[in-house]
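Each remark here refers to the structure printed beneath this line.
The figures here come from the full heavy-atom set of this structure, side chains too, leaving out hydrogens, waters and symmetry mates. As the structure lists them, so they are numbered: ligands from 1, and atoms in each ligand from 1.
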Amino acid sequence: MKVNIPVHKNEEYQAEVTDLTYEGNGVVKIADFPVFVPNALPGEKVTVRVTKVARHFAWGRVMEWQTKSPDRVDVKDKKYIQTGIAPLGHLKYAAQLQFKQHQIKELLEKAHLDDIEVLPTMGMDRPYHYRNKAQVPVKMVRGQLQTGFYKRGSHTLVPIEDFYIQDPQIDKAIVVVRDLLRKYHVTPYDEQTGKGVIRTVMVRRGYYSHEVMVVLVTNTKRLPMAKQIVDGIVAGVPELKSIVQNINEKKTNRLLGNRDRTLWGDDEIHDQLLGIDFAISPLSFYQVNPQQTERLYQTAIDNAGLDGNQTVIDAYCGIGTISLAVAKHAKQVYGVEIVPAAIEDAKHNAKRNGIQNAKFVVGKAEEQFAKWQAAGLKPDVVIVDPPRKGLAESLIEATGKMAPRKVIYVSCNPATLVRDIQRFGEQGYHVVKPIQPVDQFPQTTHVESVTVLECTEK
Ligand code: SAH
């Protein structure tokens, strides 16, 4: 069947932006045909040049604005939009928070769940400089070693010194490392030839502890001029606790290899979340926006209604952030997580914090739920914090059979959240409170939220 596509590549059209997709692109319709336009906001009248045409939609670029949105922030530096560091950086923060709240609301309405309310998104007072971790590629750009970020959908490095959403102390440490790598002529890794030494610089800094870890990811076992570089980092980076070399000899897009060698100081740094002390090594998972993670998880815990007598399951528990915070308010906590190293960290952190009522299991949450159910476990509360794809149907069914009083759903994807709310409905669980979105990643399109479900039929 021949479809009639009303737009053509390289042609320009005048149109009004009518919508913003969940990826943060403006939408204009030319004879009902949708054109996605980065950096365009609803209400703006623009001249769009079509850059790419597909069967059911096209991409375009704004050539000129006839009118601008009152919600627009004039971003001085296009780098943040180009690279995807801040895909919503051109939208005022208050409008970003609304955008996230409305996304959940719209999806609920489409699913005929209009009666479920969504609260305003809990935002940050200062919605930038929040990331406690940076991983920046190192590349040769026009004959000079540079650190920065890739252009969206490419491996073209855009040199950047101020990363806008990272802890500024981390940005400074990266510049110190970059200058030392230049000074001692360390060659950046070349993805084409597989040659060169330094691939990535990773820096982590504890939000409360201020402890800094610098990780040099190399393509070789040997780091030339290691002593001079280490001395330079020690002299140039305040509150430094650890310098680690991570060796990644594979031709891969994965940033980190499996081998660490501590070059200076400790093997790990520490930080606190919800009053629990966590050890963080180069390969550990650790939440990147600790302030908002605390608010998100505290919201989840506050809604669990715990008084020290409950049995709680924390599914998709990662390094046990929620489990360990819950443990002091519960009788017993069970955590399940698929990544073995994360469970090792969870156990280690439980021990270091003197927590004895948290048990951690490696496995697929859906399989472990079936086992717990078969073993007759009767949790009072089930907390889930799944990845973007949401919950397996079998997990929801097993939850129904274990019949907890409450399910607390921490979601990072409104689409799967809404789908799963419908499936919980079939098990007799319904949303009993307005959903609370919490902005974990300001300037980006990520939407996190907490939903409370209770069994209202048994
Ligand atoms: N609350 C956690 C983070 C949860 S993110 C913390 O603070 O550490 C979602 C987690 O689900 C990730 O750690 C991921 O490894 C894990 N995961 C993904 N699929 C899974 C599955 N099928 N079963 C169990 N865990 C899974």
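Considering backbone and side-chain N/O of Ile319, one or more are found under 3.5 Å from N/O of ligand 1. Residue-to-ligand polar distances keep Val339 apart from ligand 1: every N/O pair is separated by 3.5 Å or more. At least one N or O atom of Ala365, backbone or side chain, sits closer than 3.5 Å to an N or O atom of ligand 1. When only interatomic distances are considered, the shortest N/O to N/O separation between Lys389 and ligand 1 does not fall below 3.5 Å.
Between His270 and Phe278, the closest side-chain pair of non-hydrogen atoms is not below 4.5 Å. Side-chain contact between Trp372 and Ile313: present, with at least one pair of heavy atoms (C-beta onward) separated by less than 4.5 Å. Here the side chains of Leu41 and His90 are in contact, with some heavy-atom distance below 4.5 Å. Side-chain atoms of Gln440 and Thr293, non-hydrogen and from C-beta on, do get closer than 4.5 Å to each other.
The contact set between ligand 1 and Gly318, taken as ligand atoms under 4.0 Å from a residue heavy atom, comprises 2 (C), 8 (O), 13 (O). When each atom of ligand 1 is checked for a heavy atom of Gln287 under 4.0 Å away, the hits are 3 (C), 6 (C), 7 (O). Each of the following atoms of ligand 1 lies closer than 4.0 Å to a heavy atom of Cys317: 1 (N), 2 (C), 6 (C), 8 (O). Per-residue contacts place Lys364 under 4.0 angstrom from the following atoms of ligand 1 (heavy atoms of the residue considered): 23 (N). Heavy-atom proximity to Phe285, at under 4.0 Å, picks out these atoms of ligand 1: 6 (C), 8 (O). Distances below 4.0 Å separate heavy atoms of Pro387 from the following atoms of ligand 1: 11 (O), 18 (C), 19 (N). The atoms of ligand 1 that sit less than 4.0 Å from any heavy atom of Glu366 are 22 (N). For ligand 1, the atoms lying closer than 4.0 Å to a non-hydrogen atom of Asp385 are 1 (N), 2 (C), 3 (C), 4 (C), 5 (S), 9 (C).
A salt bridge does not link Glu454 with Lys433: every distance from a Lys NZ or Arg NE/NH1/NH2 to an Asp or Glu carboxylate oxygen is 4.0 Å or more. Between Asp380 and Lys406, none of the side-chain N atoms (NZ, or NE/NH1/NH2) sits under 4.0 Å from a carboxylate O, so this pair counts as no salt bridge.
Ranking protein heavy atoms by distance to atom 25 (N) of ligand 1, first place goes to Ile338 N, 3.2 Å. Of the protein's non-hydrogen atoms, the one nearest atom 26 (C) of ligand 1 is Tyr316 CD2, 3.4 Å. Of the protein's non-hydrogen atoms, Glu337 OE1, 3.5 Å is the one closest to atom 10 (C) of ligand 1.
Test Gln96, Lys100, Arg295, His446 against Asp439 for side-chain hydrogen bond (donor to acceptor under 3.5 Å, both in side chains) and you get one pass: Lys100. A salt bridge (Lys or Arg N to Asp or Glu O under 4.0 Å) with Glu191 holds for exactly one of Lys139, Lys251, Arg199; it is Lys139.
Evaluated by nearest non-hydrogen atom to atom 6 (C) of ligand 1, the leading choice among Thr321, Asp314, Val336 is Thr321.
The shell of residues lying under 4.0 angstrom from ligand 1, judged by heavy atoms, includes Tyr297. Under the 4.0 angstrom criterion for non-hydrogen atoms, Ala392 is not in contact with ligand 1.
Within 6.0 Å of CD in Glu117 there are 12 or fewer heavy atoms belonging to other residues, nucleotides or ligands.
With no hydrogens or angles considered, no side-chain donor-acceptor pair links Ser242 and Asp266 at under 3.5 Å. For the 3.5 Å distance criterion, the side chains of Asp420 and Tyr409 qualify, holding a donor opposite an acceptor.
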